[in-house]
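On a predicted model such as this, the values are computed, not experimentally measured, just so you know. Residue numbers start at 1 and run along the sequence shown.
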Amino acid sequence: MKKKYIILISFILVAAAGILGVYLLTRPAVLGNMSNEYSKQVTTTSDISFAGEAGNRIKFVFESDVISGNLDMTLYDSDGTAVYTLDNAKELVTYFILERSNTYTLVAKCDNFVGAYKIFVYLDKVNTSTDSGL
């Protein structure tokens, strides 16, 4: 009877280790994040930069509470060309596939802004490919 419990516990531990290993290998890697909160009207920009390779699928997780003013989130390549603009939303999860290897900068532009926002940028490892379509 004791032997059966040892085998059962060993099986459970091996299965748990396998599940944990798969999770660690496939979880999205954080490329950067930013968050700000303004109680008085401001016009400012904040940014984060990350290196990306052609075919990488980038995941953006965004939340905002815009009381007044404008908030624009735009992804630029190293040449300063806007390659992707996030939709304005209270909450948003969206993806973008990088067309070329480059250093990218996500810029949060606040114009007469009062409110709060936070954004996380991930490399979506599971869906990263050299295919440029979603």
Side-chain angles (χ1 to χ4, degrees):
M1 189 66 114
K2 211 174 193 181
K3 199 174 199 178
K4 287 182 183 179
Y5 285 122
I6 291 173
I7 292 172
L8 179 62
I9 290 171
S10 297
F11 176 76
I12 291 171
L13 290 174
V14 167
I19 291 169
L20 179 62
V22 168
Y23 169 74
L24 291 174
L25 290 174
T26 60
R27 72 177 175 187
V30 178
L31 298 174
N33 67 75
M34 66 177 137
S35 65
N36 286 300
E37 185 173 350
Y38 302 103
S39 58
K40 295 182 181 179
Q41 228 177 39
V42 297
T43 297
T44 187
T45 60
S46 299
D47 63 66
I48 53 173
S49 295
F50 60 90
E53 295 182 19
N56 283 163
R57 184 175 179 190
I58 306 301
K59 179 179 181 180
F60 300 94
V61 179
F62 173 70
E63 291 180 23
S64 69
D65 180 19
V66 179
I67 297 168
S68 67
N70 295 313
L71 172 63
D72 296 311
M73 294 275 184
T74 305
L75 183 65
Y76 295 91
D77 64 15
S78 62
D79 297 329
T81 304
V83 295
Y84 186 66
T85 300
L86 280 73
D87 293 331
N88 292 327
K90 206 164 185 54
E91 291 184 16
L92 178 70
V93 175
T94 188
Y95 300 87
F96 179 73
I97 295 179
L98 303 177
E99 292 183 12
R100 62 187 182 119
S101 298
N102 207 318
T103 298
Y104 292 87
T105 302
L106 180 66
V107 176
K109 181 181 175 189
C110 300
D111 184 27
N112 295 317
F113 180 79
V114 176
Y117 70 88
K118 63 181 171 180
I119 187 162
F120 292 87
V121 182
Y122 300 96
L123 171 61
D124 189 12
K125 291 181 187 177
V126 174
N127 293 305
T128 295
S129 70
T130 56
D131 180 23
S132 63
L134 287 176

Undergrad: Taking it one step at a time, do Val121 and Phe96 satisfy side chain to side chain contact (heavy atoms under 4.5 Å, CB included)?
TA: CA-CA 11 Å; Val121 182; Phe96 179 73; over 6 Å; no
Undergrad: Is the distance between the ring centroids of Tyr84 and Phe60 less than 6.0 Å?
TA: yes
Undergrad: Working to the nearest 0.5 Å, report the span between CD1 of Ile67 and CD of Glu37.
TA: 8.0 Å
Undergrad: Run through Asn33, Asn36, Leu86, Val61 and flag the one making a side-chain contact (heavy atoms from CB on, under 4.5 Å) with Ile119.
TA: Leu86
Undergrad: Would you give the length of the straight line joining atom CG of Asp47 to atom OH of Tyr76, rounded to the nearest 0.5 angstrom?
TA: 10.5 Å
Undergrad: Report the distance from atom OG1 of Thr45 to atom CG of Asp111, rounding to the nearest 0.5 Å.
TA: 11.5 Å
Undergrad: At their closest point, which heavy atom of Leu71 faces which heavy atom of Phe62, and how far apart are they?
TA: CD2-CZ, 3.8 Å
Undergrad: Looking at CG of Leu123 and CD1 of Ile58, how far apart are the two atoms once the value is rounded to the nearest 0.5 Å?
TA: 5.5 Å
Undergrad: Show the nearest heavy-atom pair for residues Ser39 and Val114, with the distance to one decimal.
TA: O-CG1, 3.9 Å
Undergrad: Which heavy atom of Thr105 sits nearest a heavy atom of Ser49, and at what distance?
TA: OG1-OG, 2.8 Å
Undergrad: Specify whether Tyr117 and Phe113 have parallel, tilted or perpendicular ring planes, treating 30° as the upper limit for parallel and 60° as the lower limit for perpendicular.
TA: perpendicular
Undergrad: Which atom pair, heavy atoms only, marks the closest approach of Asp77 to Arg100?
TA: OD2-NH2, 2.8 Å
Undergrad: To check you understand the geometry: which heavy-atom pair defines the closest contact between Asn102 and Ser78, and what is its length?
TA: OD1-OG, 2.6 Å
